[in-house]
Amino acid sequence: MVKRGLVLQHVPFEGPAAIGEVCREVGLEVEVRRLDLGDAVPEAVSPEELLVVMGGPMGIGDIGSPEFPFLEREVELVRRCLTDEAPILGVCLGAQLIAHVASAPVQPMKAPDGARVFELGWAPVKLHKVGPGDPILGGLEGELSVFHWHGDHFALPSGARLLASTEVCPAQGFLLGARAVGLQFHIEVGLSEIETVMEADRSFLVRARGERGPEAIREETKLHEAPSLGGRQRLLRNIVEFLARG
């Protein structure tokens with residue numbers, strides 16, 4: 001029985017947010033390890049822990065870099081979780097780490113002409129339900145507006161079940177094995193987290209969406225954040241309950 005969510009955070013502006021709230025709502029304690037501040041990556045997770053690996057501006061290409069020494073240790077921890085079928089939720093970078101360990105390519109998104117493609121801001125993902133009793137996507141419609149913040153994407157790991165997709169990023173979410181969920185998009189963020197990431201990662205935002213990027217995303221947020229809240233909360237709770245009960 002899972003009793004605690006163990007969160008690995010890489011940067012100040014990408015914390016667990018609603019993930020921590022939902023974990024507490026279902027009765028889990030929450031421990032956040034700030035890897036950017038020197039907290040240790042555990043060698044393994046206990047049978048009572050759900051591992052949550054958050055996002056960050058670093059990527060798979062930074063594994064081995066002295067700037068991010070924790071990434072190599074995270075790769076080994078994710079590998080052990082997959083081998084032991086320990087529950088793990090990866091968000092953005094976290095999902096890319098799971099895909100990487102599962103030997104799925106993680107690469108920059110590109111258009112057919114080779115130009116870089118980014119997904120930043122609000123856009124719908126298509127949800128791939130297996131029926132009304134779907135333990136992860138149950139109670140949701142076929143599409144959900146979510147917040148995106150990435151320029152890399154992963155291929156669907158071999159043997160994984162596709163959960164979500166967009167046209168430019170065909171693998172947006174997956175279930176690998178019985179207890180590993182990866183999400184490229186963000187269902188954990190709210191208004192304050194969106195403002196924080198826009199301020200902290202402004203250069204990436206301007207690169208992807210131009211100088212008017214912040215204003216454009218604020219306009220999108222007014223249109224999509226509140227109407228999609230119920231669906232995002234439902235998806236997050238489904239995932240946490242699914243992984244916590246094993």
Side-chain angles (χ1 to χ4, degrees), residues 2 5-9 14-28 30 50-55 87-99 119-150 153-154 156-157 160-194 197 217 220-221 223-246:
V2 173
L6 178 61
V7 180
L8 303 185
Q9 182 173 337
E14 292 205 40
I19 295 174
E21 296 171 9
V22 171
C23 283
R24 294 183 185 96
E25 287 173 4
V26 302
L28 305 185
V30 177
L50 160 62
L51 180 67
V52 180
V53 185
M54 297 305 303
I88 176 173
L89 169 60
V91 178
C92 202
L93 172 64
Q96 294 171 10
L97 287 170
I98 297 172
E119 282 186 309
L120 272 78
W122 291 87
V125 291
K126 180 180 179 181
L127 301 178
H128 299 268
K129 298 174 69 173
V130 295
D134 190 320
I136 295 177
L137 302 180
L140 296 162
E141 302 296 331
E143 192 173 87
L144 179 64
S145 290
V146 296
F147 190 73
H148 303 262
W149 197 270
H150 68 108
H153 69 142
F154 46 77
L156 186 67
R161 176 197 158 191
L162 181 65
L163 296 175
S165 63
T166 60
E167 184 175 346
V168 297
C169 186
Q172 281 273 0
F174 61 81
L175 169 64
L176 180 60
R179 308 191 78 185
V181 172
L183 302 177
Q184 181 60 68
F185 53 91
H186 298 269
I187 53 174
E188 79 281 6
V189 297
L191 297 176
S192 63
E193 289 84 14
I194 291 170
V197 73
I217 288 181
E220 294 172 5
T221 300
L223 291 174
H224 298 288
E225 196 275 336
S228 69
L229 180 60
R232 291 182 287 118
Q233 289 177 331
R234 177 63 181 264
L235 177 55
L236 182 52
R237 191 177 184 98
N238 283 356
I239 291 170
V240 170
E241 289 183 339
F242 173 79
L243 293 175
R245 67 173 175 256

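- Not a single salt bridge (charged side-chain N to carboxylate O under 4.0 Å, His left out) links E193 to another residue, sequence neighbours left out.
- At least one donor-acceptor pair under 3.5 Å links the side chain of H148 to the backbone N or O of A123.
- Counting heavy atoms from C-beta on, the side chains of F174 and L162 never come closer than 4.5 Å.
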Item to complete: Assess whether side chain to side chain contact (heavy atoms under 4.5 Å, CB included) is satisfied between R179 and V2, documenting all intermediate values.
Response: CA-CA 12 Å; R179 308 191 78 185; V2 173; 3.9 Å; yes
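- Ring orientation note: the planes of W149 and F147 are close to parallel, at an angle under 30° on the 30°/60° scale.
- Atoms CG and OG, on L229 and S145 in that order, are 12.0 Å from each other to the nearest 0.5 Å.
- In this structure, the side chains of M54 and I19 come closer than 4.5 Å at one or more pairs of heavy atoms.
- At a threshold of 4.5 Å between non-hydrogen side-chain atoms, the residues W122 and S228 count as touching.
- Rounded to the nearest 0.5 Å, atoms NE2 (H150) and CD (Q184) are 4.5 Å apart.
- A distance of 6.0 Å separates CG in L175 from CG in L163, rounded to the nearest 0.5 Å.
- Counting heavy atoms of neighbouring residues, nucleotides and ligands inside a 6.0 Å radius, atom NZ of K129 exceeds 12 of them.
- Pairing each heavy atom of E188 with each of G15, the nearest pair is CG-O, 4.3 Å.
- A salt bridge links E225 with R232: at least one charged nitrogen is closer than 4.0 Å to a carboxylate oxygen.
- With sequence neighbours excluded, the residues that form a side-chain hydrogen bond (donor to acceptor under 3.5 Å, both in side chains) with Q172 are E119, T166.
- Smallest separation of non-hydrogen atoms from E141 and L127: O-CD1, 3.4 Å.
- Minimum heavy-atom separation, P170 to S165: O-CB, 2.9 Å.
- Two residues are said to be in side-chain contact when any heavy atoms from C-beta on lie closer than 4.5 Å; L235 and V146 fail this criterion.
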Can you give each donor-acceptor pair under 3.5 Å made by side-chain atoms of residues 132-140, sequence neighbours left out, with the distance rounded to 0.1 Å?
{"unit_1": "D134", "atom_1": "OD1", "unit_2": "I136", "atom_2": "N", "d": "2.9"}
{"unit_1": "D134", "atom_1": "OD1", "unit_2": "L137", "atom_2": "N", "d": "3.0"}
{"unit_1": "D134", "atom_1": "OD1", "unit_2": "R161", "atom_2": "NH1", "d": "3.3"}
{"unit_1": "D134", "atom_1": "OD2", "unit_2": "V130", "atom_2": "N", "d": "3.1"}
{"unit_1": "D134", "atom_1": "OD2", "unit_2": "R161", "atom_2": "NH1", "d": "3.4"}
{"unit_1": "D134", "atom_1": "OD2", "unit_2": "R161", "atom_2": "NH2", "d": "2.3"}

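- Side-chain contact between L183 and I239 is present, with heavy atoms from C-beta onward closer than 4.5 Å.
- For the residue pair A95 and F154, the shortest heavy atom distance occurs at CB-CE2, 3.7 Å.
- To the nearest 0.5 Å, atom CG of residue L28 and atom CD of residue E241 are 9.5 Å apart.
- Taken to the nearest 0.5 Å, the CZ atom of F242 stands 11.5 Å off from the CG atom of L89.
- Inter-residue side-chain proximity for P16 and Q9 is flagged as met; some heavy-atom pair is nearer than 4.5 Å.
- Contact check for V168 versus H153: no side-chain heavy atoms found under the 4.5 Å cut-off.
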Discussion item. Run the side chain to side chain contact (heavy atoms under 4.5 Å, CB included) test on L176 and I98 for me, step by step, so that the C-alpha distance in whole Å, both residues' side-chain angles and the decisive distance to 0.1 Å come before the verdict.
Written reply: CA-CA 9 Å; L176 180 60; I98 297 172; 4.2 Å; yes
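- One finds the CG atom of L50 at 5.5 Å from the CG atom of L243 (value rounded to the nearest 0.5 Å).
- For the pair V53 and L93, the minimum side-chain heavy-atom distance is 4.5 Å or more.
- Considering all non-hydrogen atoms of both residues, A171 and L156 come closest at CB-N, 3.9 Å.
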